[in-house]
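Read the structure below first, then the notes.
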Amino acid sequence: MKSITELEAIRKKALEQMSVRNQDVRMRVVVGMATCGIAAGARPVMNAFLEELKRRNINDVKVTMTGCIGACRLEPIVEVVDEKGEKVTYVKMTAEKAARVVAEHIVNGRVCLDYTIGAEEKNK
């Protein structure tokens with residue numbers, strides 16, 4: 001059994017976490033974290049996004065995970081969605097590529113075309 005003080009602390013923490021969800025979000029980074037994505041290395045990619053955003057003190061970009069995006073052969077897959085809802089799909093991501101996407105796409109607004117699904121399909 002928890003004390004009233006402990007329950008109040010849990011309540012306060014939960015409210016703080018919920019308030020983060022309601023903050024204005026300029027962009028969303030969605031990482032495919034199904035079994036195929038995790039097997040291909042999605043977890044280090046997601047961690048790289050979180051670390052790079054934190055290092056740059058960027059607080060208006062939300063990093064989330066999703067299930068299978070549907071192109072398992074191209075995992076790890078990351079979608080970057082801007083505030084207008086426009087989406088760029090990056091494939092075969094690595095932690096190093098994630099840092100570049102943060103620097104070029106999220107900070108400077110230039111899509112890293114060489115990492116996109118369109119560039120990968122041209123190389124086939």
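Each of L74 and V81 belongs to its own hydrophobic cluster when Ile, Leu, Val, Met, Phe, Trp and Tyr are linked at side-chain heavy-atom distances under 4.5 angstrom. Residues V91 and M46 do not share a hydrophobic cluster, defined by chaining ILVMFWY side chains whose heavy atoms lie under 4.5 Å apart. Residues V45 and M65 share a single hydrophobic cluster, defined by chaining ILVMFWY side chains whose heavy atoms lie under 4.5 Å apart. Taking hydrophobic clusters as Ile, Leu, Val, Met, Phe, Trp and Tyr residues chained together by side-chain heavy-atom distances below 4.5 Å, V101 does not share a cluster with V25. In the hydrophobic cluster analysis, where Ile, Leu, Val, Met, Phe, Trp and Tyr join through side-chain heavy atoms closer than 4.5 angstrom, M93 is grouped together with V107.
When all heavy atoms are compared, the tightest approach of E75 to I69 is OE2-N, 4.4 Å. A pairwise comparison of heavy atoms in A48 and A98 identifies CB-CB, 3.9 Å as the closest pair. In this structure, A119 and L113 approach most closely via the heavy-atom pair CB-O, 3.1 Å. Nearest heavy atoms, C68 versus C36: SG-SG, 3.8 Å.
Between E51 and R55 there is no side-chain heavy-atom pair separated by less than 4.5 Å. By the 4.5 Å heavy-atom criterion applied to side chains, R26 and I58 are counted as neighbours.
Partner of V63 under the side-chain contact (heavy atoms from CB on, under 4.5 Å) criterion, chosen from V30, V78, L53, N47: L53. For the pairing with Y115, the side chain to side chain donor-acceptor pair (under 3.5 Å) check across R100, K92, E104, K97 returns one residue only, R100.
One distance of note links CE of M33 with CD1 of I77; it measures 13.0 Å at 0.5 Å rounding. Interatomic distance, E8 CD to S3 OG, rounded to the nearest 0.5 Å: 10.0 Å.
By the side chain to side chain contact (heavy atoms under 4.5 Å, CB included) test, M27 pairs with V61, V80, D82, H105, I106, sequence neighbours left out.
Using modelled atom types, one side-chain atom of Y90 and one backbone atom of C112 make a donor-acceptor pair closer than 3.5 Å.
A salt bridge links R56 with E52: the distance from a Lys NZ or Arg NE/NH1/NH2 to an Asp or Glu carboxylate oxygen falls below 4.0 Å.
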